[in-house]
Amino acid sequence: MTINVINPATKAVYKSIPETTEAELNSIVETAKEAFEIWRSKSDEERTQAMLNIADEIEACAAELAQIVVSEQGKPLAIAQIEVGGAAGWTRYNASLSLETEVIEDSAERYVEIQRLPVGVVASITPWNWPLMIAVWHIMPALKAGCSVVVKPASTTPINTIKLAEIINKHTIPNLVQVVVGGGRAIGEPLVQHPDVKKLVFTGSTPVGKHLAKIAAGDLKKVTLELGGNDAGIVLQNADIKKIAEKIYMTSFINMGQTCACLKRLYVHRSKYDELAKALADIAAAQVVGNGMDAGVTFGPVQNEKQFNSVKAMIDEAKASGAEVIEPTLPEGLNGYFIAPTLVKNPQHQISVVCEEQFGPVLPIIPFDDVKEVMSHAIHKEFALGGSVWGEPCEELDWVVSQLDSGTVWVNNHAEVLPHIPFGGNKDSGLGVEFGQEGLLEYTVRKVVNRAK
Ligand code: NAP
């Protein structure tokens, strides 16, 4: 069986690749186990150098990687180039980390230290929104810790990950990172179930994440889950709209809104509502929508048909509910999954575009009069990935920061993720953490050595 990878800007087949069978999966995990035994015995310096070489080669292949990302994911070339740059940057950052032994007691009675050991073969399951970057987020801390990885990319965006694995194995050892191709149920679940896989790192939807966590619990595999979000941004009465409008647009619509930590619900004090809505509408109208490979294009298609239909349905529901929908006209002749950056003004709180994650190019803008009252809407019942407050320094701003319950709270910014800053969701938005030293520790098991004196 083969998988047809579709270019979302044209709906044409970009590449066809064979699916991995379950028999192949077993031999892949077997070789991953062998690779783990070799890789874990390398010194930290050897692992560091290999990862720096990988980062160099990602940069050397930047044009090819960016072109693959545009062809299967759809984003404009400039954003794909940022993704490739981020992949190299995250690789270098992880190369710089190390697993120090921690001495926790050195007394007359005992000497006690905590060692960190690599967890073993890691299963990584990645989504289609930032496919190269998220694969790097999963793989590089695993490699630094001494693990091997079997990665299952989203069925709609596997090609960039296959290229990444080639680069990694060239600079490390054979089979250190292997890719399995196929549907979630067909190959993702058997991978997570495999008894020789010791950890799952998953980025994707909350229902699938919870389902896989239950499977992983069967033999107590370690789990890191980065799941959905419905991040609120709150714009206060004292905000300077000229200063923040562009940033709010960018952090809401980056990657056509298909980013876990995008700003997805915008609550604006009524005194600033019209000014900000107009500024955002002007920026949205100025976007050049089209094929990400075409010069000048700033806004690409939604990545796949399912997501396109889901976002369209939310926009239609918003229109039917009486909300004002500002939808720039698409250029003639486009044949892909295109939706222009769309604003929904004055939506009711309970419609899907507000209370569900859109994961696409549509932003609801909701006016409020009283910041205390708006917090009861802004704090989501299930999701708590990120949140933000926008305004000049004041007590009210600090109060909003103290009330938001998300894994990250930004002030006058949103969606900023950096390799050294831990990132993860609370409530149904995730379990565990990525990035920084804490992210590295997720790929280890603790061993306490307690020597009596
Ligand atoms: P998804 O269905 O959870 O898919 C994510 C990954 O999981 C893909 O590789 C998918 O494979 C795989 N998968 C699906 N079902 C599986 C199963 N039963 N067992 C093992 N693997 C399975 O998410 P999606 O449909 O791509 O995106 C929809 C939602 O996911 C978004 O609306 C958003 O909520 C969330 N999301 C979050 C992030 C984030 O960074 N936090 C990123 C992307 C998406 P296939 O591609 O083969 O189905």
Distance, nearest 0.5 Å, that separates CG of L404 from NE2 of H380: 13.5 Å
Mutual orientation of the aromatic rings belonging to F359 and W128 [parallel < 30°, tilted 30-60°, perpendicular > 60°]: perpendicular
Note: D370-R270 ion pair, threshold 4.0 Å (strictly below): no
Check ion pair K381-D428 (N to O, under 4.0 angstrom): no
Charged tip of K243 within 45° of W390 ring normal and under 6.0 Å: no
Electrostatic pair D316-K312, nearest N-O below 4.0 angstrom: no
Ring pair (Phe, Tyr, Trp, His ring centres under 6.0 Å) contacts touching residues 293-335 (sequence neighbours left out): F308-Y337
Test side-chain contact (heavy atoms from CB on, under 4.5 Å) applied to K170 - qualifying residues, sequence neighbours left out: E57
Side-chain touch M51/M140, heavy atoms, less than 4.5 angstrom: yes
Plane angle bin for Y267 and H349 - parallel if under 30°, tilted between 30 and 60°, otherwise perpendicular: parallel
Derivation and outcome, salt bridge (Lys or Arg N to Asp or Glu O under 4.0 Å), residues K163 and E64: CA-CA 9 Å; K163 176 71 190 170; E64 183 189 355; 3.4 Å; yes
Intermediate values then yes/no, salt bridge (Lys or Arg N to Asp or Glu O under 4.0 Å), D56 and R92: CA-CA 9 Å; D56 289 346; R92 280 209 181 88; 2.8 Å; yes
Sidechain N-carboxylate O distance under 4.0 Å for E327, K319: yes
Nearest atoms (heavy-atom pairs only) where Q307 meets V302: CB-CG1, 3.7 Å
Residues E357 and R265 bridged, charged N to O under 4.0 Å: no
Charged N-O contact under 4.0 Å between K264 and E356: no
ring-ring contact (aromatic ring centres under 6.0 Å, His included) against H269, all qualifying residues, sequence neighbours excluded: F368
